[in-house]
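Below you'll find the structure, written out as structure tokens, and then a few comments.
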Amino acid sequence: MATSQNLGKGVSTRQITMISIGGVIGAGLFVGSSNAIATAGPAVLISYLIAAIIVILVMQMLGEMATSRPDTGSFSSYADEALGRWAGFTIGWLYWWFYVLVIAIEAIAAGNILSQWLPFSAPICALLMTTALIVTNCLHVKNYGKLEYWLSFVKVASIVVFLVLGLVAMLGLMPHSSVHGIQHLWADGGFLPKGSTAILTGLLVAMFSFQGSEIVTIAAAESEDPRNNIKRAIKAVVWRLGLFYLGSMFVVIALVPWNDPKLTVGSYQAVLSAMNIPYAAGIMQAVVLVAVTSCLNSSIYVSSRMVYSLAKRGDCLPSLAHTTQHGVPLKAILATSVIVFGVIVVNYAMGKDFFMFLLSTSGAVVLLMYLVIAITQLYMRKKMVAMGETPIVKMWLFPYLNYITIVGIICMMGLMTIFPESRNELVSTFVLTAILASVGFYLQKRQPQLSSQRHLGKFIQN
């Protein structure tokens, strides 16, 4: 098998556009959003709005860097260049570990659904689903693009149909529906039934719902026109978060009481059942399986690309940077898959407690990633100005919104210390971060100029 160290260019502009729209939509929107509603009531809309604004600002910063120099390592590569090898090393491996656990979570969820339809146990179904998607990713990057396009299309179509049905029901035009109007926004204890502090509690849940927005900057590096594809995707982030998340949450809260026990089975399913939509449970189970499959597919893709990027920078085994004749980092995919299978087996063999311990080590990775992006962009803009480069995508009100975003993210980390469960996740993540940062500093001390010289040379060429 012929090998090189260059990725293929098999993801089309059409696929990048759909991935950017549907990439942020996970099973959490269809099912997990009920936890956020139970936490804050109707006021969770404010929680999601604040979280969406922060993510939009972070994506604008990432878009500025990614359009200037598209790279499959994305924010990890930019942190390496701007802050030092230790920073790129640390956030790169944290991100990889986060998505290894995401793969395991989604595989377990898929296994639970498929075991109800197939004559196999949940563990077998989980392993079969994961294996099938790994094989698909191993063949050609266009396979990832095509599959993710259609999975994202189904997710987007499902949400659009849900929003239309919700609007029809709110207007009282849906026959046989037992719900109408928007009175549940205030009728069940008011808009703030748990007080204004619940907005902050809901903010933590909402913030982690938007994970996945950054995937498009990684996937675009394997397209023919990465700069323009990233630019289009960044422009779409505002309306896709507003329409899909805020729009969906508004429909749910308007039509169903926030404290309705039926929400525990899933927010979408509760609303469709209240509308008397036939086979609502089965429909939502199929949609959730699509969302889980999409998340699995993207997680396998981005985790392998991050390993590939780390290997190319000398922060991983060099052999993991090799690609096939189709430009697929096969060894990076297989190495990641071995760890993923190990985690899945551990979950079933050693019980949920140990898996939850592993999961806690990634509890604050998303916030750390956003923080690194915000800080990195401050330094990258200075480099761009020094080199006389005009960004294709510019961060608004630079650097003031950067500082506001950084303070906001740090405040959310502080908020995590208030609640025992999130506090444990924060501590566990910081311990893992400290270990990785120590290794990164050691590598940087041994070869202090290796990463910065390589990235500076690539930056000048672009």
Side-chain angles (χ1 to χ4, degrees), residues 22-38 97-137 147-148 150-152 154-155 158-159 205 208-212 215 244-245 248 263-270 272 280-303 336-337 339-363 365-366 425:
V24 75
I25 305 169
L29 174 59
F30 301 109
V31 181
S33 53
S34 57
N35 295 328
I37 295 172
W97 176 237
F98 174 82
Y99 269 105
V100 163
L101 294 176
V102 168
I103 295 170
I105 293 170
E106 302 299 343
I108 293 165
N112 291 336
I113 295 174
L114 288 173
S115 63
Q116 300 174 40
W117 302 346
L118 302 175
F120 302 109
S121 64
I124 296 299
C125 287
L127 292 173
L128 288 175
M129 170 66 89
T130 308
T131 300
L133 291 175
I134 288 171
V135 170
T136 299
N137 273 266
L147 179 58
E148 194 56 32
W150 288 110
L151 293 173
S152 294
V154 172
K155 290 189 294 182
S158 300
I159 293 179
V205 181
F208 292 101
S209 300
F210 296 142
Q211 156 263 324
I215 290 176
F244 297 150
Y245 275 89
S248 295
L263 282 172
T264 57
V265 300
S267 51
Y268 271 51
Q269 183 176 326
L272 293 178
I283 292 171
M284 284 315 305
Q285 197 171 47
V287 171
V288 169
L289 180 61
V290 169
V292 165
T293 305
S294 173
C295 193
L296 253 174
N297 188 42
S298 289
S299 299
I300 292 168
Y301 172 81
V302 296
S303 58
T336 297
S337 301
I339 305 300
V340 167
F341 283 130
V343 172
I344 294 174
V345 171
V346 162
N347 171 72
Y348 288 115
M350 300 184 65
K352 186 178 179 181
D353 290 342
F354 185 75
F355 181 72
M356 292 305 293
F357 165 73
L358 294 178
L359 195 60
S360 70
T361 62
S362 68
V365 167
V366 172
E425 291 180 352

* **Any donor-acceptor N/O pair, S248 side chain to Y245 backbone, under 3.5 Å** =>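 No: the side chain of S248 does not pair with the backbone of Y245.
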
* **Flag, side chain of S34 to backbone of L263, donor-acceptor distance under 3.5 Å** =>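 Between the backbone of L263 and the side chain of S34 there is a qualifying donor-acceptor contact (under 3.5 Å).
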
Going by the rule side chain to side chain donor-acceptor pair (under 3.5 Å), which residues pair with [X] if we only count those two or more places apart in sequence or in a different chain?
{"X": "T361", "result": "W97"}
{"X": "Y99", "result": "Q211, E214"}
{"X": "W150", "result": "none"}
{"X": "T336", "result": "W96"}

* Qualifying residue for side chain to side chain contact (heavy atoms under 4.5 Å, CB included) with Y348, from V345, V346, I344 ->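 Among the candidates, only I344 passes.
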
N/O donor to acceptor pairs below 3.5 angstrom from side-chain atoms of residues 281-292, sequence neighbours left out:
| from | atom 1 | to | atom 2 | distance (Å) |
| --- | --- | --- | --- | --- |
| Q285 | OE1 | W117 | NE1 | 3.3 |
| Q285 | NE2 | Q116 | OE1 | 2.9 |

* Output the distance between atom CG (L296) and atom CG (L147), rounded to the nearest 0.5 Å. =>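 Taking CG in L296 and CG in L147, the distance rounds to 10.5 Å.
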
* What distance separates S303 OG from I103 CD1, expressed to the nearest 0.5 Å? ->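 It is 4.0 Å, given to the nearest 0.5 Å.
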
Indicate every side-chain donor-acceptor pair of residues 118-137 with a distance under 3.5 Å to a residue at least two apart or in another chain.
| from | atom 1 | to | atom 2 | distance (Å) |
| --- | --- | --- | --- | --- |
| T130 | OG1 | A126 | O | 2.8 |
| T131 | OG1 | L127 | O | 2.7 |
| T136 | OG1 | A132 | O | 2.9 |
| N137 | ND2 | L133 | O | 2.9 |
| N137 | ND2 | N297 | OD1 | 3.0 |

Can you give me every donor-acceptor pair (side chain of residues 106-113, partner residue at least two apart or in another chain, under 3.5 Å) with its distance?
| from | atom 1 | to | atom 2 | distance (Å) |
| --- | --- | --- | --- | --- |
| N112 | ND2 | I108 | O | 3.3 |

* Asked: Got a sec, which residues hit side-chain contact (heavy atoms from CB on, under 4.5 Å) with I105, two or more places apart in sequence or on another chain?
  ->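 side-chain contact (heavy atoms from CB on, under 4.5 Å) list for I105, sorted by chain: F355, L359.
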
* Sequence neighbours excluded, which residues qualify as side-chain contact (heavy atoms from CB on, under 4.5 Å) partners of A38? ->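 Once residues adjacent in sequence are excluded, A38 has no partner under the side-chain contact (heavy atoms from CB on, under 4.5 Å) criterion.
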
* **Minimum heavy-atom distance Y268-F244, with the two atoms named** =>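 What the structure gives for the nearest pair is OH-O, 4.5 Å.
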
* To do: Might you point out which heavy atoms bring S294 and K155 nearest each other, and give the distance in Å?
  =>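 Distance-wise, the nearest heavy atoms are OG-NZ, 2.9 Å.
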
* Asked: Residues in ring pair (Phe, Tyr, Trp, His ring centres under 6.0 Å) with Y301, at least two apart?
  ->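 Y144.
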
* Please examine the side chains of C295 and S299, heavy atoms only from C-beta on, and report whether any two atoms are closer than 4.5 Å. =>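 S299 reaches C295 side chain to side chain.
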
